[in-house]
Amino acid sequence: MSKILIIEDEEAIADLEKDYLELSGFQVEIENTGDKGLAKAMNQEFDLIILDLMLPGIDGFEVCRKIREEKNIPILMVSAKKDDIDKIRGLGLGADDYMTKPFSPSELVARVKAHMARYNRLVSSKQKTNDIVEIRGIRIDKTARRVWVNGEEKAFTTKEFDLLTFLAENPNHVFTKEELFREIWDMDSVGDIATVTVHIKKIREKIEFDTAKPQYIETIWGVGYRFKI
Ligand code: CA
């Protein structure tokens with residue numbers, strides 16, 4: 001559940017905002033001074049902060065500035081005075097949105113949802129990870145086209161990499177040399193399937209502890225190969 005921190009000294013407003021946000025499925029906490037709000041924002045994880053400008057102790061300007069030094073979560077600033085909003089914009093404190101009081105609770109909820117959705121998209125796009133295949137000590141990064149065997153990186157040629165990845169992505173499936181040749185060399189059986197044997201041998205030299213007793217790529221006599229899980 002998404003968590004929101006409201007930093008607001010007017011209890012009635014804070015409670016109203018909290019009620020509406022909770023009805024919309026958010027978890028809400030309230031702090032009523034700049035100092036306490038800032039401390040909570042720094043020490044706990046929130047998904048969005050609603051920050052009043054005029055607060056006892058540290059004011060909203062300073063709270064916003066301090067939070068921004070550490071965190072990039074959305075900050076929605078509210079103030080009773082339109083002039084203040086213009087001032088906040090001018091200062092470039094890094095607030096994501098501004099609202100003038102009084103505002104309708106439904107407008108607040110709509111803005112909160114919009115900012116949270118935008119922020120979540122931003123975060124998830126940054127966290128886009130490489131496509132990894134991992135089997136018993138072998139780690140294949142398909143995006144970077146790199147391979148590690150028990151933590152040690154090994155160099156593979158393009159076709160060796162493609163062949164190893166194909167087998168590892170289809171574990172326990174027995175493929176004939178013809179099938180592997182068609183799959184990796186993409187020439188519909190034109191050429192020499194002995195090249196598959198040569199490549200398997202090269203791959204084994206890089207991934208197997210003992211190539212005479214392969215633990216990963218097994219030879220199925222008279223049929224082909226399979227990657228054992
Ligand atoms: Ca206030």
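First listed ligand is number 1; within each ligand, the first listed atom is number 1. Fair warning: this is a prediction, and the values are worked out from it, not measured in the lab.
Residues satisfying the side chain to side chain contact (heavy atoms under 4.5 Å, CB included) test with E179, not counting sequence neighbours, are F175, T176, R182. Remark: N43 pairs with A39 by the side chain to side chain contact (heavy atoms under 4.5 Å, CB included) rule, at least two apart or across chains. Applying the side-chain hydrogen bond (donor to acceptor under 3.5 Å, both in side chains) test to R145 and every residue at least two apart in sequence or in another chain returns D162.
Each protein N, O or S atom less than 3.0 Å from the Ca ion (ligand 1) was counted, giving 3.
Around atom CD of E45, no more than 12 heavy atoms belonging to other residues, nucleotides or ligands sit under 6.0 Å away.
Side-chain contact between I217 and I207 is present, with heavy atoms from C-beta onward closer than 4.5 Å. Taking 4.5 Å as the limit, some side-chain heavy atom of M116 sits within range of a side-chain heavy atom of V112.
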